[in-house]
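Owing to the predicted nature of the structure, the values given are computational and were not obtained by experimental measurement.
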Amino acid sequence: MNDSAYPEHAGTRYMCVSINVIEALQQAFFAGRDLGRVIPSIDADMAAVIVAESLEADRAWNLPPQQVIEELKKGTTGDFKRAVAAEIAFSVQQFALERGNKESADDWWALGMSFLEEILDSPTASPLLWYEDIFWEVAEALRGRDPEHTRKAIGWLKRGLAHNLHYNEGNNAPNLLRDLAEFHLEAGDLDAGLGLLARLVRHDPADVWNYNLMAISFDRFGLVELGIEGARRGLQLLQARGDPEELRQQLEDSLEELEECQERGREAEVAPEVLADLRAALALDFEAGPSRSLEALCRELAPELDELPLKRPLRPADVPLPDRDSPRFRPPPPRPPADKPGRNDPCWCGSGKKYKRCHLREDEEQERRYRRWLLGQE
Ligand SMILES: [Zn+2]
């Protein structure tokens, strides 16, 4: 997708490995060097997977635009290539929107989304992608369109939560559980959403984000009274604990809007025991602190997590390296290393060494080759 003579590496917003790293690994591969010794945190197996996946994606990325689009419409395999395909589809969508072609934009959006859903459904995980961003973005895009899409969104959120628990120790679990509560409310399931929120508040009464959710979104669900209670509770917490997240203004503005709201509240539709439970949680001492591990909380709030399919990391056998001499894959042309660190700064490869003691010489050599390559183009 570029019109210069100089081929580019494929990229997507969901990548978790930098172009510098991909470049270094591809060069080591074509030079026949040991792939396990290029980047300290990347072993030989992971490096081989990265090289195989990135070469195939680069090949597609550098086809003439019409051919890229034809190839994508035929469908594509491999999560990284699908993510790159989604990226291309979304940029064509933007292009169509700018030209006022809403119908075509919608088609491209749907194609991009279908690639993302295929990624989430495939059994393996590429080391090149942030899956949690994809789970969340797909859920976010589907929610609120209609109850059926919102239920699908809830399914993806739960898969994202299972992934986060398994691979990242649940470091994003409170946010995902909060999203889950919000999505239930959006789907019209007030009891499930509020029941979940009550247990989140109980888990940590000093987590201001639970009160913030009530303050900024509850008018949308017709829960104005509860929104006011949440906003007031959040402001009390800030009063007691300080305002490190700088939420005071937002809470005050939301409170003001909620108090002016004329609509009748839907609190009457909520099961009385759910309402009582949430109000009891809102009256807890801020010092009560997290009562159990995040993992236990997740399993309590979403007991089906263990049954959900979990991706397994890709292995070299899943994506064999291409033949080094195949005309299908060219060695990457030399390119100027982007954003070189200072000589005494830590190297980009993550070795922890100073740049001058690590990849500096290799990068300078690459730059010289790039200049020679440019001269040859003239
Ligand atoms: Zn280095």
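Judged by distance alone, with hydrogens and angles left aside, the side-chain atoms of Glu259 form no donor-acceptor pair with the main-chain N or O of Ile228 at under 3.5 Å. Counting only distance, with no hydrogens or angles, the side chain of Arg343 and the backbone of Lys356 share no donor-acceptor pair below 3.5 Å. Looking at Glu186, its side chain never comes within 3.5 Å of a backbone N or O of Arg143 through a donor-acceptor pair. When atom types are taken as modelled, the side chain of Arg159 and the backbone of Phe135 share no donor-acceptor pair closer than 3.5 angstrom. Of the possible donor and acceptor atoms, none in the side chain of Lys354 sits under 3.5 Å from a partner among the backbone N and O of Asn344. Judged purely by atom type and a 3.5 angstrom limit, Asn164 uses its side chain to pair as donor or acceptor with the backbone of Asn172.
No hydrogens or angles considered: a donor-acceptor pair under 3.5 Å links the side chains of His9 and Glu23.
In this view, Arg178 and Asn175, Asp207, Asn210 satisfy the side-chain hydrogen bond (donor to acceptor under 3.5 Å, both in side chains) rule, not counting sequence neighbours.
Nearest heavy-atom pair across Ala187 and Thr150 is CB-CG2, 3.7 Å. When every heavy atom of Ile216 is checked against every heavy atom of Gln250, the shortest pair comes out as CG2-NE2, 3.6 Å.
Ring geometry, Phe218 versus Phe221: the interplanar angle exceeds 60°, so the pair is classed perpendicular (tilted spans 30 to 60°).
Classification of Asp277 and Arg202 as a salt-bridged pair holds, one side-chain N sitting under 4.0 Å from a carboxylate O.
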Asp306/Arg299 under salt bridge (charged side-chain N to carboxylate O under 4.0 Å, His left out): CA gap, chis, key distance, verdict: CA-CA 8 Å; Asp306 287 326; Arg299 293 193 197 286; 2.5 Å; yes

Full working for salt bridge (charged side-chain N to carboxylate O under 4.0 Å, His left out) between Lys81 and Glu71: CA-CA 11 Å; Lys81 199 170 159 199; Glu71 179 160 329; 3.0 Å; yes

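The stretch residues 31-51 participates, sequence neighbours left out, in these salt bridge (Lys or Arg N to Asp or Glu O under 4.0 Å) pairs: Arg33-Glu362.
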